[in-house]
Undergrad: 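I'd like to ask you about the structure that follows.
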Amino acid sequence: MLYFLEKGYRVIAHDRRGHGRSAQTVTGNEMDAYAADVAELVAALNLRDAIHIGHSTGGGEVARYVARQGKGRVAKAVLIGAVPPIMVKSEKNPGGLPIDVFDGFRAALAANRAQFYLDVASGPFYGYNRPGANVSQGVIRNWWRQGMMGGTKAHYDCIKAFSETDFTEDLKQIDAPVLIMHGDDDQIVPIADSALLSAKLVKKGTLKVYKGLPHGMCTTHPEVINPDLLAFIQG
């Protein structure tokens with residue numbers, strides 16, 4: 001955010017329903033409500049010509065909001081390491097991850113959320129489990145801090161939201177230019193069943209693949225990601 005503030009842009013971030021500093025609601029922890037929340041925020045701030053940038057689950061939020069609620073307000077969209085079109089494996093999506101993977105996430109979260117968040121951040125999220133990785137304890141602890149600020153119920157429900165929501169039709173409906181950024185060593189959202197498929201579904205898409213970069217590449221490699229974002233915004 002600081003990078004784009006220094007470039008003269010207005011930068012707005014929100015904490016997803018049930019996450020971070022948002023109220024810990026029991027209901028509405030699903031994509032339609034997430035997109036409606038974004039729409040309410042955009043309307044309250046009367047935003048126009050906005051560029052919506054979403055990472056991971058946030059990429060799903062962006063796709064659903066831009067397709068269904070953002071008409072006349074959105075200039076461009078960016079999906080970074082994003083979950084669309086759909087993550088879970090099915091007959092229609094044979095390359096997806098088995099439901100057992102997400103059941104495992106739910107079990108680990110319910111059993112010991114604090115340890116689960118340490119394990120994810122210390123390992124696959126930032127690629128810290130790869131040989132020679134430049135591990136930052138500060139990044140791990142901050143990811144854990146952000147996670148523990150939210151509500152358990154919201155986090156539990158969000159696993160279903162990010163893994164089982166089908167964004168195929170949303171992607172097809174987006175009229176704005178879309179930049180799709182993905183690391184080819186993303187261990188959380190494998191690229192073959194996400195970015196490579198999404199790029200074929202959007203009307204005005206640009207795909208950028210980052211060799212060897214992890215899911216959390218915005219944090220681990222901002223010197224690579226930020227200039228590419230800026231070029232897309234200014235282009």
Undergrad: Any heavy-atom pair between the side chains of K7 and I233 that's under 4.5 Å?
TA: no
Undergrad: Quick check: are there more than 12 heavy atoms from other residues, nucleotides or ligands sitting under 6.0 Å from CD of E40?
TA: no
Undergrad: Go through the steps to decide whether D175 and K71 satisfy the test side chain to side chain contact (heavy atoms under 4.5 Å, CB included), and finish with yes or no.
TA: CA-CA 9 Å; D175 292 322; K71 302 298 183 186; 3.9 Å; yes
Undergrad: Quick test of your reading of the model: are D157 and K160 salt-bridged, counting only N-O distances below 4.0 Å?
TA: no
Undergrad: Check side chain to side chain donor-acceptor pair (under 3.5 Å) between N142 and all other residues, then give those that pass, not counting sequence neighbours.
TA: R145
Undergrad: Is there a chain of hydrophobic side chains (I, L, V, M, F, W, Y, each step under 4.5 Å between heavy atoms) that links V202 to V78?
TA: no
Undergrad: Quick one: are V62 and H55 in side-chain contact, heavy atoms under 4.5 Å?
TA: no
Undergrad: Within the 4.5 Å heavy-atom criterion, are P177 and F232 side-chain neighbours or not?
TA: yes
Undergrad: Is the number of heavy atoms from other residues, nucleotides or ligands within 6.0 Å of CH2 (W143) greater than 12?
TA: yes
Undergrad: Are Y3 and I80 connected, step by step, through hydrophobic side chains (Ile, Leu, Val, Met, Phe, Trp, Tyr) whose heavy atoms are closer than 4.5 Å?
TA: yes
Undergrad: Please work out whether the ring planes of F125 and H215 are parallel, tilted or perpendicular, with thresholds of 30° and 60°.
TA: perpendicular
Undergrad: Would Y34 and C158 count as a side chain to side chain contact (heavy atoms under 4.5 Å, CB included) if you check the C-alpha gap in whole Å, the side-chain angles of each, and the deciding distance to 0.1 Å?
TA: CA-CA 10 Å; Y34 295 162; C158 187; 3.6 Å; yes
Undergrad: Take a 6.0 Å sphere around CZ of R48 and say whether it holds more than 12 heavy atoms from other residues, nucleotides or ligands.
TA: yes
Undergrad: Should V66 and L171 be regarded as members of a common hydrophobic cluster, given that ILVMFWY residues are connected when their side-chain heavy atoms come within less than 4.5 Å of each other, either directly or indirectly?
TA: yes
Undergrad: For V101 and M87, run side chain to side chain contact (heavy atoms under 4.5 Å, CB included): C-alpha distance rounded to whole Å, both residues' side-chain angles, the deciding distance at 0.1 Å, then the answer.
TA: CA-CA 11 Å; V101 172; M87 288 193 72; over 6 Å; no
Undergrad: Thinking salt bridges, do D193 and K89 make one under a 4.0 Å N-O criterion?
TA: no
Undergrad: Without swapping roles, check the side chain of T25 against the backbone of T27 for a donor-acceptor pair under 3.5 Å.
TA: yes
Undergrad: Name the orientation class of the two ring planes belonging to F162 and F105 (parallel below 30°, tilted from 30 to 60°, perpendicular beyond 60°).
TA: tilted
Undergrad: Is any side-chain heavy atom of R113 closer than 4.5 Å to one of M148?
TA: yes
Undergrad: For T220, give me all partners under side chain to side chain contact (heavy atoms under 4.5 Å, CB included), at least two apart in sequence or on another chain.
TA: Y126, Y128, P214, M217
Undergrad: Under a 3.5 Å distance rule, please check whether D170 uses its side chain to pair with a backbone N or O of A67 as donor and acceptor.
TA: no
Undergrad: Would you please test I99 and V88 for side chain to side chain contact (heavy atoms under 4.5 Å, CB included) and show each step?
TA: CA-CA 6 Å; I99 191 69; V88 73; 3.8 Å; yes
Undergrad: Tell me whether V11 shares a hydrophobic cluster with L41, the cluster being built from Ile, Leu, Val, Met, Phe, Trp, Tyr side chains joined at under 4.5 Å.
TA: no
Undergrad: May I ask you to test the E30-T165 pair for a side-chain heavy-atom distance under 4.5 Å?
TA: no
Undergrad: Of all residues at least two apart in sequence or in a different chain, which pass the side chain to side chain donor-acceptor pair (under 3.5 Å) check with S122?
TA: none
Undergrad: Donor-acceptor pair, N93 side chain versus I86 backbone, under 3.5 Å?
TA: yes
Undergrad: Are N29 and Y156 packed together at the side-chain level, in the sense that at least one heavy-atom pair is separated by less than 4.5 angstrom?
TA: no
Undergrad: Are there over 12 heavy-atom neighbours, none belonging to K76, within less than 6.0 Å of that residue's NZ?
TA: yes
Undergrad: With the 4.5 Å side-chain cut-off for hydrophobic clustering, are V135 and L213 part of the same group?
TA: no
Undergrad: Hey, does D37 have a side-chain heavy atom less than 4.5 Å from the side chain of E61?
TA: no
Undergrad: Under 3.5 Å, side chain of H182 to main-chain N/O of V189, donor-acceptor pair present?
TA: yes
Undergrad: Are H221 and Y210 an aromatic pair by the rule of ring centers under 6.0 Å?
TA: no
Undergrad: Within the supplied structure, the quantity of interest is the number of heavy atoms (other residues, nucleotides, ligands) at a distance under 6.0 Å from N134 CG; does it exceed 12?
TA: no
Undergrad: I want to check something: taking the side chain as every heavy atom from C-beta on, are H52 and V42 in contact at a cut-off of under 4.5 Å?
TA: yes
Undergrad: Can we call the ring centroids of Y117 and H155 under 6.0 Å apart?
TA: yes
Undergrad: Heavy-atom count around K203 NZ within 6.0 Å, excluding the residue itself: above 12?
TA: yes
